[in-house]
Amino acid sequence: MHYLAEGLRLPTNGLDYTILAIYFVVVLGIGFAARASVKTSLDFFLSGRSLPAWVTGLAFVAANLGATEILGMAATGAQYGVAVVHWYWIGAIPAMVFLGLVMMPFYYRSKVRSVPEFLLQRFDRSAHLLSSILFAFAAILIAGVNLYALSIVVEALLGWDRSVAIVVAGVFVLLYITVGGLSSAIYNEVLQFFVILAALIPLTLLGLKRVGGWDGLSGSLEKQHGGDFMTAWGGTGIGDANPLGANWLTIVLGLGFVLSFGYWTTNFAEVQRALSAKNLSAARRTPLIAAFPKIFIVFVVMIPGLVAAVLVPRIGTADSDLTYNDAIPLLMQELLPNGVLGIAVTGLLAAFMAGMAANVSSFNTVFTTDIWQRYVKKDRPDAYYLRFGRLITAVGVLASIGTAFIAASFSNIMTYLQTLFSFFNVPMFVVFIIGMFWKRASMKSGVWGLVAGTTAAMVNYFVVYEQGIIDIPSDQGANFVSAIVGFVAGAVVMVVVTLFTAPKPEAELAGLVYGTASPDADELPEEGDGAWYRKPALLGWGAMVLAALCYLPYSL
């Protein structure tokens, strides 16, 4: 297990702790205020589908601003360099636009409460049950990553033992989710979005100042790691060597298509925010609104990682007691004065709580509505499922405490997360995409596609890569290949099974396959006043164009 480096303790004082205490009081206050609106299970799990697009849009991006973004992406920047931009401009924006323009109408009009419930409508009970179990398991593992990251900051802040920090952090997140449900999580995520930026922007600016600006940063890292470290596409030709250990084909297909679309379009921790919107128009705009800040967030997570690689050239190597995950705490210790340090600590804690809350709230929804209510305790009063939802939230947090110790064994938690996504999100995506665009896909093909995709991805990672059957230069490169293998295997098996099994009756596919009208489409009008910012297509194209312009300097 990787513990925080000896002596990496933040020099906090009373001002910092006061800022932190005020934040926690506000967070709990939001939780108790949201409790008044939680009267049904729909209120608890989907905020009664009553939230405006700007709230759900900010919550959408904040839910992702957890360990993946802060510690994970900074660690990736320190380890792989500027190639971290791929996770944003190739690995996020296109998929977010696709979710808003193409997939949200299917989710919202079908009135599902979760992503697996859509598979029940499109395929059958076996696909639904397997996807529910896989998703619940993945949500707990990913929540554990955020909890582990949260414990790193608590240890650096207070000097607590890692185990104590994990438990205390988990209990606090449990308190405000259980009290206020999804509304509490979402409104806190909106607050956390601004707090996170208030933490990362000073860290980025002061870091650049310390290393002599962008020119000083580039010059130092090019001397240490070579010119490809400071370019996104340098050395990515097939057969060439580069810091990321991946070529352009695996980046575009593995990350840009399979992993990216698999995460953003089927990960219920994100989709749940859009499903809580007040109408279909707001639901479609939720991921599109989130795409605009997502374009620029890469700078405030990548640059601190690059700065850490300059200040501690041996970070993450066997010669140093600092892992890549320590990049952000290291800069906080080195650069931030008191007061600003308090804001930064608060921002980090907010980020990790947002990420954990997103996964725990999606876990309790899927476990309660897709597993317990459908297969264990049917036709109970709504109040029963509301009580059970709060109970299973506590169980989810306790399980996350256990999985946090698994995450602690990885020096770069982003690598761990990408491994999980290739195992769980990619197979679900291939089943979704084929079921959504191919009317003939049979009912039984869904479950076998899930089994084949998950199995193939795991075999590629644990056998082909780890046993050295094929030489893949890095864990991240192996994750990209595993994602492609899982997608292809799932797709091939779905086609083969479809040839030998019965399709779903065409009358039952209305609104579930692209090009078929929803039977109640007239009941869900596109509300809005015609303004440009209410038009999802314009928002989507705007995000894509802006992301392409951001990419231009790195592709030269």
Side-chain angles (χ1 to χ4, degrees), residues 91-92 94-136 138-139 253-254 256-275 283-284 287 362 365-366 370 420-454 456-457 483-495 497-498 503-504 508-516 518:
M96 294 168 76
V97 171
F98 182 81
L99 172 64
L101 297 183
V102 178
M103 294 190 70
M104 280 315 303
F106 289 88
Y107 283 138
Y108 202 88
R109 283 179 172 147
S110 62
K111 298 180 180 179
V112 297
R113 291 167 295 180
S114 68
V115 170
E117 193 174 347
F118 183 87
L119 290 185
L120 175 65
Q121 295 188 14
R122 175 59 183 88
F123 294 100
D124 60 7
R125 289 165 60 91
S126 56
H128 171 254
L129 179 59
L130 179 59
S131 64
S132 299
I133 292 171
L134 289 175
F135 179 84
L253 292 182
F257 176 58
V258 182
L259 277 170
S260 170
F261 279 67
Y263 175 80
W264 290 103
T265 65
T266 67
N267 182 19
F268 189 51
E270 302 294 337
V271 176
Q272 187 182 30
R273 272 75 194 142
L275 287 177
R284 295 184 72 190
S362 61
T365 301
V366 168
D370 290 287
L420 296 179
F421 295 155
S422 68
F423 292 168
F424 299 111
N425 291 89
V426 167
M428 197 173 296
F429 171 63
V430 68
V431 173
F432 260 82
I433 206 71
I434 290 179
M436 186 174 291
F437 288 98
W438 189 29
K439 189 185 299 185
R440 176 67 178 83
S442 69
M443 292 186 290
K444 291 299 179 185
S445 68
V447 66
W448 288 110
L450 287 171
V451 171
T454 301
I484 296 172
V485 169
F487 183 89
V488 171
V492 169
V493 168
M494 286 188 71
V495 171
V497 171
T498 293
K504 199 175 186 74
E508 299 178 17
L509 295 177
L512 299 176
V513 177
Y514 196 78
T516 61
S518 173

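As a basis for the values below, the full set of heavy atoms in this structure was taken, side chains included, without hydrogen atoms, waters or symmetry mates.
Considering only heavy atoms from C-beta on, F123 comes within 4.5 Å of M494 through its side chain. Counting heavy atoms from C-beta outward, P503 and T498 have side chains that stay 4.5 Å or more apart. Taking 4.5 Å as the limit, some side-chain heavy atom of F98 sits within range of a side-chain heavy atom of I433.
Once rounded to the nearest 0.5 Å, the distance linking CZ of F118 with CE of M436 reads 4.0 Å. Going from atom CD1 of I133 over to atom CG of D370 covers 11.0 Å, rounded to the nearest 0.5 Å. Note that the CG atom of L253 and the CG atom of L259 stand 11.0 Å from one another [nearest 0.5 Å].
The ring of F429 has its center closer than 6.0 angstrom to the ring center of F257.
Side-chain atoms of K444 never come within 3.5 Å of backbone atoms of S126 as a donor-acceptor pair (strictly under, hydrogens ignored). T265 contributes no side-chain N or O that, together with a main-chain N or O of L99, makes up a donor-acceptor pair within less than 3.5 Å. Using a distance-only test at 3.5 Å, with no hydrogens or angles considered, no donor-acceptor pair links the side chain of T454 to the main chain of V451. Judged by distance alone, the side chain of W264 and the main-chain N or O of P94 form no donor-acceptor pair under 3.5 Å.
Taking all atoms of both residues into account, the shortest heavy-atom contact from G100 to P105 is O-CD, 4.1 Å. When all heavy atoms of G254 and A483 are compared, the closest pair comes out as O-CB, 4.0 Å. The minimum heavy-atom distance between P427 and G453, with the atom names listed, is CG-C, 3.5 Å. Listed here is the closest heavy atom pair of V426 and F487: CG1-N, 3.8 Å. The minimum heavy-atom distance between S442 and S445, with the atom names listed, is O-OG, 2.7 Å. Of all the heavy atoms in L450 and A127, the pair that sits closest is CD1-O, 3.7 Å.
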Walk me through whether V513 and R122 qualify under side-chain contact (heavy atoms from CB on, under 4.5 Å).
CA-CA 8 Å; V513 177; R122 175 59 183 88; 3.6 Å; yes
